[in-house]
There are 2 protein chains.
Amino acid sequence: MRRPTLEAVAARAGVSRATASRVVNGQTTVAPHIRDAVLRAIDELGYVPNSAARSLVTQRTDSVALVVSEPGTRVFSEDPLFSTAIRSASVELEAINKQVVLMLASSPKSHARVERYIAGGHVDGVMLLSMHGADPLPSALSRLRVPVVSYGRPAVPVDIPYVDNDNVGGAEAGVRHLVETGRRRIATIAGPQDMIAGQDRLAGYRNVLRDSDRRSIVAVGDFTRESGAIAMRQLLGDDPGLDAVFVANDMMAVGALQSLRQAGRRVPDDVAVVGFDDVEAAKYTEPPLTTLRHPIAEQAAAMVRLLLNLFEGGPTEPIILPTELVIRESA
Amino acid sequence: MRRPTLEAVAARAGVSRATASRVVNGQTTVAPHIRDAVLRAIDELGYVPNSAARSLVTQRTDSVALVVSEPGTRVFSEDPLFSTAIRSASVELEAINKQVVLMLASSPKSHARVERYIAGGHVDGVMLLSMHGADPLPSALSRLRVPVVSYGRPAVPVDIPYVDNDNVGGAEAGVRHLVETGRRRIATIAGPQDMIAGQDRLAGYRNVLRDSDRRSIVAVGDFTRESGAIAMRQLLGDDPGLDAVFVANDMMAVGALQSLRQAGRRVPDDVAVVGFDDVEAAKYTEPPLTTLRHPIAEQAAAMVRLLLNLFEGGPTEPIILPTELVIRESA
DNA sequence: GTTATTTAAGAGAGCGATCTCTCAACGCGG
DNA sequence: CCGCGTTGAGAGATCGCTCTCTTAAATAAC
């Protein structure tokens, strides 16, 4: 009760295996009536090509790895970034008939596993979702001479194409909005400084404050809601007179709103709040959050294009997608 | 600059390909010094077995498909169920050295793609995340004679093992809690009735109400926040005197809380609210939500075990995991 | 009508592993 | 010293496909 092989199809259609193969692979050098006979045989037998055999000879697998290099729990739980990126990338890849092999690289041990797997030639290329600067994977994978693209600029200067959003520009736009609406003492809750997004958003904040002659007031969180709440309390302690805060991501902004409420500050009357990411929850906070939207889905699509270019020799410059200020009620 | 083959390893170690293969696959019938020589050769050449060649002869691929059969957007966005399940299943599968191939089946077209892929023998087994009753995939896949396990009881009576949480029992526990805390007029916002979870949770609600001699008041939502808000307004219109509502999932409960606030009802003083799922957000609502927790991660792990049993002939009865009432402030 | 050119289909050699079968070497009892 | 069981290693078939090379037939050219 084995699955039918190309041999069986050929026999049934009364042609050679080579001809059957031609039909399967859509070559045009087959006479119409023979082509039909083969197609009929395929249909009757329910033939499906064996992928192992095929990729053994073609040296292609038609699948790409989506490596999520991030400590386990954070990945999917709060932050919708990963899930959105994964979904979009999947959709895009399926559109070009590539399969997605999802790999989570959360520990050194799994890093090794991933490397071995990639080295094993299981996939034609790798899409790397890696946010932490210290991540050893970008350089490790680029050494394997496998096509790799990264989501988010790799922290170490390694020569792999990447897609990123304009973190610096986005932060600048957010802070500029606070300046333009007349805020005087603008604090920030920065993200972790071992992450590019954390660094760049803080840099954007500093740029604008420097240009507008204001003093910077910085607290650092780790992109979680709790850290945002803690950082906000700390900022209020440091400078009770602050009238605005730029928060490096929405989750922390939600925590900050909570602390502000507890401290009796009204938003935006007393303190204006700007977040970053425009997650779903930003619409439902009290008050709804003014934030910076970046098109995660488009970024994932761009990453797929980049990988395709890597296969086919197209342009592979990094792609930086713009962010957009979404003004709601918090600022 | 090709990758080294087993042949090369054998040549370098001065043995036959067969012996090299024995070493790679950890057979014990190789003399220690020869074994060492082969291992050294492997190390020096950086040999990694070619998976296509291997699975061509072994008929195994060591990867399993994780098929998410759900209309695109819903999957990852609001509902953390999918992301949590995917992550847990990945972790579990990686622990037993199986790769995860993620497939999204959102449209009839992609259904066909998934079926073809599975039929193509790319994977050893399938884990199906399917929530909708009308889903054609469970029966389609079970017909392919591929080991399949399902997350959530398949709506159509098809003979594939599954893992589910005790939706009926959980709903009963939630509603019973409302009864025991003295609530008289207990409404429900049910989930979509084309989903098992929607049906079963409503059934649980009805069971308890019947037994406690109360009248049921039902509105139906679609598991989204907005639908919860709308349903709540509708319930308040139908029966302004209701003093409790059992909501079939947390997202709808969040919407319901919003509508209750707008209607000037205090929670839990005027109206008690019980949700279902214990999502992250349930902790942060105003007031924090009393809800039913089910262990998604454990369910995913159980699903992996079930699949393993399917491979190896262990027991494959459906696994129903219990839910737990988490009492916070809303009820 | 013969030769040159195009087109369609077949023959057969791999791709890189696994695994059965075979055989050589060795130890040991009779 | 011979035969026999055991153990370790090699030979070679095989998995199912692709793709080059070859050949046969059909058409064109002169």
Side-chain angles (χ1 to χ4, degrees), chain A residues 1-42 45-63 97 116-117 119-124, chain B residues 1-42 45-63 97 116-117 119-124:
Chain A
M1 206 48 192
R2 228 193 184 73
R3 283 172 37 212
T5 70
L6 193 57
E7 189 79 54
V9 170
R12 181 167 192 118
V15 300
S16 73
R17 207 173 54 242
T19 302
S21 175
R22 287 189 184 99
V23 173
V24 170
N25 293 291
Q27 291 192 16
T28 50
T29 63
V30 181
H33 70 280
I34 292 211
R35 172 187 196 78
D36 288 346
V38 173
L39 289 176
R40 204 174 323 117
I42 288 176
L45 295 173
Y47 169 77
V48 184
N50 178 313
S51 51
R54 174 178 279 174
S55 71
L56 182 57
V57 39
T58 60
Q59 308 278 24
R60 286 180 301 103
T61 62
D62 283 333
S63 61
N97 256 301
R116 214 170 31 228
Y117 188 79
H122 291 74
V123 293
D124 297 342
Chain B
M1 208 47 196
R2 228 196 184 69
R3 283 172 37 213
T5 71
L6 193 58
E7 187 79 55
V9 171
R12 180 164 193 119
V15 299
S16 74
R17 207 172 55 243
T19 301
S21 175
R22 288 190 183 100
V23 173
V24 170
N25 293 289
Q27 290 192 17
T28 49
T29 64
V30 181
H33 70 280
I34 294 212
R35 172 187 196 77
D36 288 347
V38 173
L39 288 176
R40 205 175 322 118
I42 287 176
L45 295 174
Y47 169 78
V48 184
N50 179 313
S51 50
R54 174 178 278 174
S55 71
L56 182 56
V57 39
T58 60
Q59 307 278 23
R60 286 180 302 103
T61 63
D62 284 332
S63 61
N97 256 300
R116 214 169 34 226
Y117 187 79
H122 290 74
V123 293
D124 298 341

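Note on naming: letters A, B, ... go to the chains in the order of the sequence lines (proteins, then strands), and numbering restarts at 1 for each one.
Closest approach of Val24(B) and Arg54(B) over heavy atoms only: CG1-NH2, 3.7 Å. Of all heavy-atom pairs between Val123(B) and Thr61(B), the closest is CA-OG1, 3.4 Å.
Checking the phosphate oxygens (OP1, OP2) of dC17(D), no side-chain nitrogen or oxygen of Ser21(A) falls inside 4.0 Å. The side chain of Thr19(B) places an N or O atom within less than 4.0 Å of a non-bridging phosphate oxygen (OP1 or OP2) of dG10(D). Proximity of Thr58(A) to the phosphate of dT18(D): no side-chain N or O atom is located under 4.0 Å from OP1 or OP2. Dashed line: the shortest gap from a side-chain N or O of Asn25(A) to OP1 or OP2 of dT18(D) is under 4.0 Å.
Distance from the side chain of Arg22(A) is smallest to dC21(D) among dC19(C), dC21(D), dG16(D). Closest contact between the side chain of Arg54(A) and the listed nucleotides dC17(D), dT18(C), dA11(D) involves dC17(D). In the set dG16(C), dA13(D), dG16(D), the nucleotide with an atom closest to the side chain of Thr5(A) is dG16(D). Among the nucleotides dA17(C), dT18(D), dG10(D), the one closest to any side-chain atom of Asn50(B) is dA17(C). You'll find that the side chain of Gln59(A) is closest to dC15(C), out of dC15(C), dG10(C), dA9(D).
Mapping Val57(B) and Ser16(B) onto DNA chain D by nearest heavy atom places Ser16(B) closer to the 5' end of the strand. Position along DNA chain D of the nearest nucleotide to Leu56(B) versus Ala31(B) favours Ala31(B) as the more 5'-ward residue.
Remark: P of dC17(D) and NE2 of His122(B) are 11 Å apart, rounded to the nearest angstrom. What separates CZ of Arg60(A) from P of dT18(D) is a distance of 10 Å, to the nearest Å. In this structure, Arg17(B) places its CZ atom 13 Å from P of dC19(C), rounding to the nearest Å. Glu7(B) has its CD atom 10 Å from the P atom of dG16(C), to the nearest Å. Between the CG atom of Leu6(A) and the P atom of dC15(D) there is a distance of 14 Å, rounded to whole Å.
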task: Evaluate the criterion side chain to side chain contact (heavy atoms under 4.5 Å, CB included) for residue pair Asn50(A) and Thr5(A); output intermediate values, then yes/no.
output: CA-CA 8 Å; Asn50(A) 178 313; Thr5(A) 70; over 6 Å; no

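Taking 4.5 Å as the limit, every side-chain heavy atom of Asp62(B) sits out of range of all side-chain heavy atoms of Asn97(B).
Applying the 3.5 Å distance criterion, the base of dG16(D) shares no donor-acceptor pair with the side chain of Arg3(A). A donor and an acceptor atom never sit less than 3.5 Å apart when one is taken from the side chain of Arg35(B) and the other from the base of dG8(D).
Remark: Leu45(B) CG to Arg3(B) CZ distance equals 12.5 Å, nearest 0.5 Å.
Nucleic acid contact for Val15(A): sugar-phosphate only, since backbone atoms but no base atoms lie under 4.0 Å from a heavy atom of the residue.
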